[in-house]
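The figures here come from the full heavy-atom set of this structure, side chains too, leaving out hydrogens, waters and symmetry mates.
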Amino acid sequence: MTQTNRRIKEEAAGADVILAWQHLHQMSKFRRVMAKTQAEEEETVDIVLTTPLSFQWESNLDHKAPNLLQRILSLFKNVRPGSDITRFQLPPLFNIPKSHLQCYGESVYSTSSDLLSKCAAGESPLERMILVVAWSISTTRPLSFGLAPYNPILGETHHVSRGTLNVLIEQVSHHPPVSALHATDETNNIELVWCQCPVPRFHGTTIETEVQGRRRLYLAGRGESYVMNSLNLSIKLFPVPSVDWVGKVGIKCPESGLEAEICYKDGSFFSLGGGKKTVTGKIFDSSISKTLYEVDGHWDRTVSLKDVSNGKVKILYDAKETLSQLRTPTLLDQQGVRQSESARVWAKVSRGILSKDWDRAREAKTAVEERERKLLRQRNSIGVTWKPQHFKISYSKQDGWDCSPIEKNVPPAPIIYSV
């Protein structure tokens with residue numbers, strides 16, 4: 001090796017050492033900033049938990065924003081027809097005091113009647129499919145026009161336990177917004193894995209949100225899995241402002257060959273075609289293309305099940321029985337609450353909304369968003385790629401977003417929903 005080549009190699013090695021040292025220095029600086037932020041947050045742990053969404057919730061709402069028409073018109077100034085509004089940030093005037101993650105979690109753990117555990121108790125595959133359909137309908141919760149939950153920040157989590165059911169949700173992506181849910185009940189051998197990504201589009205007088213992703217329910221004790229999709233969200237601004245769940249939910253059990261198709265319809269302007277919140281569908285054996293049961297009703301009232309073999313009709317789902325008198329989750333272990341917990345991240349914003357102190361709420365919400373932007377700039381400056389703590393995520397054009405939990409079981413939570 002010539003002296004010149006040796007010198008070039010030594011200089012290159014020296015450059016690599018310098019780059020490595022700079023990277024370590026930047027990482028050390030990033031960790032110091034994070035440690036400082038963590039220390040500041042741990043000085044005061046503020047957590048706000050609110051009543052789950054139910055059919056009584058809207059009437060008990062004490063923070064309704066005034067002048068709805070003015071708020072609607074203000075939206076037209078900020079969005080254009082056909083535009084992607086996933087990055088659009090609502091002011092606190094439009095928010096309810098909870099995050100989207102809390103709403104997702106409530107649809108699983110917040111019920112008066114435990115339909116989920118009953119799914120595993122069904123004696124036959126057909127009985128279990130019927131129970132899964134009823135449980136699926138129970139996850140549909142009422143909405144309030146003109147009000148929406150907070151958009152979760154990257155890495156935000158919501159962790160709640162109900163009896164032996166432990167539920168954990170994480171915001172695994174911010175742009176696009178992707179949420180992942182994992183719930184386990186070791187006593188009843190039940191596991192839930194959800195992944196959903198809302199894709200809203202503004203179309204002049206309506207906002208249509210397609211909720212991409214799959215929901216999977218595993219009944220380990222029965223050796224069965226149930227795969228289903230999510231409903232879509234329709235917001236109508238004119239002529240009559242409204243918000244409703246619409247679309248078709250397909251439920252498949254590969255092990256038994258049983259399937260269900262449940263169609264959700266909103267009401268027309270003249271309330272024709274069955275009125276609002278209509279549910280129709282069927283349960284059938286896909287191996288022989290034979291319909292076994294017909295489903296009909298309203299998801300906010302009752303849904304009936306008709307046996308096509310004999311014409312007998314029974315109640316499949318009763319919303320009043322399942323979603324009435326829902327309790328506010330309670331804090332069991334304050335020190336065990338993660339910094340990323342939704343009820344902690346948005347606590348100051350929620351207090352401002354509940355007290356109708358809109359300036360306070362706006363300042364608190366801006367502070368949360370600014371902190372996230374600061375962390376993003378710091379990660380980008382040192383080339384750090386953020387990764388979810390509790391899930392592995394993937395994306396394909398054919399299947400969209402999907403997730404798999406890293407932990408086998410979800411541990412008990414510091415926040416509980418009393419049975």
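H100 NE2 to I169 CD1: the interatomic distance, rounded to the nearest 0.5 Å, is 13.0 Å. Separating the CD atom in E259 from the OG atom in S287 is a distance of 9.5 Å, to the nearest 0.5 Å. In this structure, the separation between NZ on K276 and CG on D300 is 10.0 Å, given to the nearest 0.5 Å. A distance of 7.5 Å separates OG1 in T111 from CG in L326, rounded to the nearest 0.5 Å. A distance of 5.0 Å separates CG in D114 from CZ in R162, rounded to the nearest 0.5 Å. A distance of 7.0 Å separates CG in L192 from CG in L165, rounded to the nearest 0.5 Å.
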>> Checking I262 against V279 for the side-chain contact (heavy atoms from CB on, under 4.5 Å) test, could you report, in this order, the C-alpha distance in whole Å, the side-chain angles of both residues, the deciding distance, and whether it holds?
In response: CA-CA 7 Å; I262 311 298; V279 175; 3.3 Å; yes
>> Using the rule given for side-chain contact (heavy atoms from CB on, under 4.5 Å), can you reason through R215 versus L181, listing the C-alpha separation, both sets of side-chain angles and the distance that settles it, and then say yes or no?
In response: CA-CA 9 Å; R215 298 181 172 188; L181 178 148; over 6 Å; no
> side-chain contact (heavy atoms from CB on, under 4.5 Å) between K277 and D244: does it pass, once the steps are laid out?
Replying inline: CA-CA 7 Å; K277 298 177 174 56; D244 213 342; 3.8 Å; yes
> Does the side-chain contact (heavy atoms from CB on, under 4.5 Å) test come out yes or no for T278 and Y264, once each step is laid out?
Replying inline: CA-CA 6 Å; T278 300; Y264 289 69; over 6 Å; no
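Between T330 and S418 the shortest side-chain heavy-atom distance falls below 4.5 Å. A heavy-atom distance below 4.5 Å is not found between the side chains of E186 and T164. Looking at heavy atoms from C-beta onward, I406 lies in side-chain contact with K392 at the 4.5 angstrom threshold. Side-chain contact between N151 and P177 is absent, with no heavy-atom pair separated by less than 4.5 Å. Annotation: side chain of Y417 is in contact with side chain of P329 (closest heavy-atom distance under 4.5 Å). Counting heavy atoms from C-beta outward, V303 and V133 have side chains that stay 4.5 Å or more apart. E341 places a side-chain heavy atom less than 4.5 Å from the side chain of I415. Side chains of E407 and H390 form a contact here, defined as non-hydrogen atoms less than 4.5 Å apart.
With respect to the salt-bridge test (charged N to carboxylate O, under 4.0 angstrom), the residues R128 and E224 qualify. Salt bridge absent: E363 and R360 never bring a charged side-chain N and a carboxylate O closer than 4.0 Å.
Heavy-atom neighbours of E127 CD from other residues, nucleotides or ligands within 6.0 Å: above the threshold of 12.
The two atoms that bring L53 and C103 nearest to each other are CD1-SG, 4.0 Å, heavy atoms only. Looking at every heavy atom in both residues, E208 comes nearest to H203 through CG-CD2, 4.1 Å. Between I315 and S304, the shortest heavy-atom distance links the atoms CD1-OG, 4.0 Å. Taking both residues in full, the closest heavy atoms of S112 and E321 are given as CB-O, 3.5 Å, listed atom of the first, atom of the second, then distance. Closest approach of S138 and L323 over heavy atoms only: O-CD2, 4.2 Å. Taking every heavy atom of both residues into account, I283 and A260 meet most closely at CG1-CB, 4.0 Å.
With N229 contributing its side chain and K248 its backbone, the two residues share a donor-acceptor pair below 3.5 Å. Not a single donor-acceptor pair under 3.5 Å links the side chain of R338 to the backbone N or O of T157. When atom types are taken as modelled, the side chain of T291 and the backbone of F284 share no donor-acceptor pair closer than 3.5 angstrom. Formation of a donor-acceptor pair under 3.5 Å by the N95 side chain with backbone atoms of A148 is found in this model. The closest donor-acceptor contact from the side chain of R362 to the backbone of P92 lies at 3.5 Å or more, if one exists at all. Judged purely by atom type and a 3.5 angstrom limit, S355 uses its side chain to pair as donor or acceptor with the backbone of G352.
W346 and Y150 have parallel rings, their planes meeting at less than 30° on a 0 to 90° scale where 60° marks the start of perpendicular.
Of the candidates T206, D266, T205, D266 is the only one forming a side chain to side chain donor-acceptor pair (under 3.5 Å) with K236. When the options R141, H158, Q196 are evaluated for a side-chain contact (heavy atoms from CB on, under 4.5 Å) with Y104, the one that passes is Q196. Of the listed residues (W194, F391, Y395), just one forms a ring-ring contact (aromatic ring centres under 6.0 Å, His included) with W401, and that residue is Y395. Partner of L231 under the side-chain contact (heavy atoms from CB on, under 4.5 Å) criterion, chosen from V211, T140, T139: T140.
Side chains of Q171 and S179: a donor-acceptor N/O pair is present below 3.5 angstrom, by distance only. Between the side chains of S340 and E156, not a single donor N or O lies within less than 3.5 Å of an accepting N or O. At a cut-off of 3.5 Å, with distance as the only test, a side-chain donor of S161 or N166 sits close to an acceptor on the other residue.
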